[in-house]
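Just so it is clear, the structure is predicted and the values come from calculations on it, not from any experiment.
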Amino acid sequence: MQDAVLSVADLISERLDSPEAVRGRVPQRQWWPQSLAHGAAGVALLHIERARAGRASWRAADDWLSCVARDGVSAGPDSHLHYGVPALAFALQTAGDRYARTLEVLDQQVVQQTLRRLKASRARLDQRERPALAEFDAIRGLSGFGNYLLQRKSHTDLLCDVLRYLVQLTEPVDEAGEILPGWWTDSGPGGRPSGNFPGGHANTGMAHGIAGPLALLSLAMRDGVVVDGQDEAISRICAWLDRWRQDGDFGPWWPYWITRPQLRGESPVVAQPSRPSWCYGIAGVARAQQLAAIATGDLARQQMAENALVGALADPRQQEMTTDLSLCHGYAGLALVATRCAGDAVTSGLDDHLPQLIEAIVPDGTRTADAQANGLLTSDFGLLEGAAGVALALYALHSGPPASGWDSCLLIA
């Protein structure tokens, strides 16, 4: 099976060798070179990882990075960790010192964007308005910018400012006698007002919810970057997750979000766990809490978080809801998070489920490696929902933690 894992990863990489060849296969509307999530910047991570692991030369990585920058890279308000200058800078920093001069230039642009984001968030706080998801989340928000700064390790003062913002974000808000968490947003999960979410919601997930800030606060603390109130912020987030934790037949789980009617007790919380993905499900929320527990020395929480993920992997119903192979919400993401959790685990059981996850990605004996690689390339070619992300996960499953540390963009390491 391990040979098949490596073969499929290598074949995907070979078919993603040339930006020109890939561009000829996808519709123009899907060609977003500046995107880490869906475009060339994400594919560059695959080739950087291969080069750093000694599997290939740097040529393909150079080509894909050139593709990202060819038509200019956005440094405007639409840019974030997964798009524009921060996305390219993140990709470059995974390459070690190879692109150091270019990275120094981009670094300053990311710093300026972070400062602008912090200024806007402070103005919003002063006006006592509720935040948008894109203000703080791991994909588009300040948790993503803080993640980049944490990886760079060269702007600690600015990272501390981001952490202070997240501490303030977690402080409860009294709204006419109703206590809301500071990250309550007026919108629906899509970031826009929605009739399905009257009064807004509190989002739980790793990609767009409070698990992302929890993971960043915890990873920074584990690395020794600590500001006043960081412990308390972690505790407040964990207390919120404890309040809404549900206990099912296979262990604890968390709803994707809490609505205003649910907060008021006017509507029940969903009765069953949803898809256990990285982006919203048990995988991401459990990893964030495991990191929090490691950072704060909370053994009981660590055991609970690990058991939650073991239960999700053992629950046939939850596995049936996982219907694709992607990092974001499929088997590759589940497998990658499970390996990271297993590497830090104080409980047993996670390793036992890895073979079934690998089998879901690379079925043994049903198709050739060539056919499996081609099948993965029929849709999205990118990092979060496509073939590049699956290949990167397969390399990690085969060889251990990535040489480039690319998976830090998911806030799981």
Side-chain angles (χ1 to χ4, degrees), residues 1-2 4-5 8-9 189 204-207 209 211 241 244-257 269-290 303-345 347-367 371-373 375-376 378-380 383-387 389-398 407 410 412:
M1 177 58 77
Q2 285 297 306
V5 167
V8 172
T204 304
M206 181 72 97
L241 293 172
W244 297 104
R245 187 182 77 203
Q246 310 296 303
D247 293 301
D249 293 339
F250 288 86
W253 57 277
W254 296 265
Y256 282 6
W257 45 67
V269 177
V270 292
Q272 297 291 334
S274 302
R275 183 171 55 187
S277 55
W278 164 78
C279 55
Y280 270 98
I282 291 175
V285 178
R287 177 56 171 168
Q289 290 189 81
Q290 185 194 38
Q303 292 171 328
M304 180 275 297
E306 291 163 7
N307 287 330
L309 184 53
V310 170
L313 298 178
D315 183 354
R317 183 180 177 277
Q318 291 187 62
Q319 292 307 300
E320 287 173 3
M321 288 187 288
T322 304
T323 57
D324 68 73
L325 304 182
S326 71
L327 279 179
C328 185
H329 41 253
Y331 281 106
L334 273 177
L336 187 66
V337 173
T339 59
R340 281 298 192 177
C341 286
D344 291 325
T347 58
S348 60
L350 283 167
D351 285 330
D352 296 340
H353 292 281
L354 288 177
Q356 79 187 47
L357 296 173
I358 294 172
E359 171 72 17
I361 305 168
V362 183
D364 188 19
T366 59
R367 295 192 295 173
Q372 291 178 45
L376 286 164
T378 57
S379 53
D380 195 316
L383 177 71
L384 280 190
E385 297 184 19
V390 175
L392 279 164
L394 290 174
Y395 282 129
L397 291 169
H398 180 271
D407 61 342
L410 304 175
I412 62 173

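- Scanning both residues, Ser326 and Val390, for their nearest heavy atoms gives CA-CG2, 4.3 Å.
- Contact detail for Tyr256 and Gly281: the closest heavy-atom pair is CE1-CA, 3.8 Å.
- A search for salt bridge (charged side-chain N to carboxylate O under 4.0 Å, His left out) contacts involving Asp249 returns nothing, not counting sequence neighbours.
- In this structure, Gln303 has no side chain to side chain donor-acceptor pair (under 3.5 Å) partners at least two apart in sequence or on a different chain.
- Between Ile412 and Trp278 the shortest side-chain heavy-atom distance falls below 4.5 Å.
- The side chain to side chain donor-acceptor pair (under 3.5 Å) check on Asp315 picks up Gln318, with sequence neighbours excluded.
- Applying the side chain to side chain donor-acceptor pair (under 3.5 Å) test to pairs two or more places apart or on separate chains, those with a residue in residues 280-289 are Asn203-Tyr280, Arg287-Gln290, Arg287-Asp344, Gln289-Arg301.
- Here Ala314 pairs with Phe250, His353 under the side-chain contact (heavy atoms from CB on, under 4.5 Å) rule; sequence neighbours left out.
- Closest non-hydrogen pair, Leu309 versus Cys341, comes out as CD2-SG, 3.8 Å.
- Between the side chain of Gln356 and the backbone N or O of Leu313, at least one donor-acceptor pair lies under 3.5 Å.
- Applying the side chain to side chain donor-acceptor pair (under 3.5 Å) criterion to Ser274, with sequence neighbours excluded, gives no partner residue.
- A salt bridge (Lys or Arg N to Asp or Glu O under 4.0 Å) check over residues 321-340, counting only residues at least two apart or in different chains, returns the pairs Arg340-Asp407.
- Looking only at distances, no side-chain donor or acceptor of Arg275 sits under 3.5 Å from a matching main-chain atom of Thr323.
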Checking Leu357 against Leu397 for the side chain to side chain contact (heavy atoms under 4.5 Å, CB included) test, could you report, in this order, the C-alpha distance in whole Å, the side-chain angles of both residues, the deciding distance, and whether it holds? CA-CA 10 Å; Leu357 296 173; Leu397 291 169; over 6 Å; no
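- Pairing each heavy atom of Ile282 with each of Pro252, the nearest pair is CD1-O, 4.0 Å.
- The side chain to side chain donor-acceptor pair (under 3.5 Å) check on His398 picks up nothing, with sequence neighbours excluded.
- Among residues two or more places apart in sequence or in another chain, the side-chain contact (heavy atoms from CB on, under 4.5 Å) test is passed with Ala288 by Met206, Ala211, Leu214, Ala215.
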For residues 332-339, tabulate all N or O donor-acceptor pairs below 3.5 Å that involve a side-chain atom, not counting sequence neighbours.
residue	atom	partner	partner atom	Å
Thr339	OG1	Ala335	O	3.4
Thr339	OG1	Leu336	O	2.6

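- In this structure, the side chain of Trp254 engages the main chain of Leu241 through a donor-acceptor pair within 3.5 Å.
- Contact detail for Pro276 and Thr322: the closest heavy-atom pair is CD-OG1, 3.6 Å.
- A donor-acceptor contact shorter than 3.5 Å is absent between the side chain of Glu385 and the backbone of Leu325.
- A pairwise comparison of heavy atoms in Leu350 and Ala342 identifies CD1-N, 3.7 Å as the closest pair.
- A search for side-chain contact (heavy atoms from CB on, under 4.5 Å) contacts involving Val270 returns Trp253, Pro255, not counting sequence neighbours.
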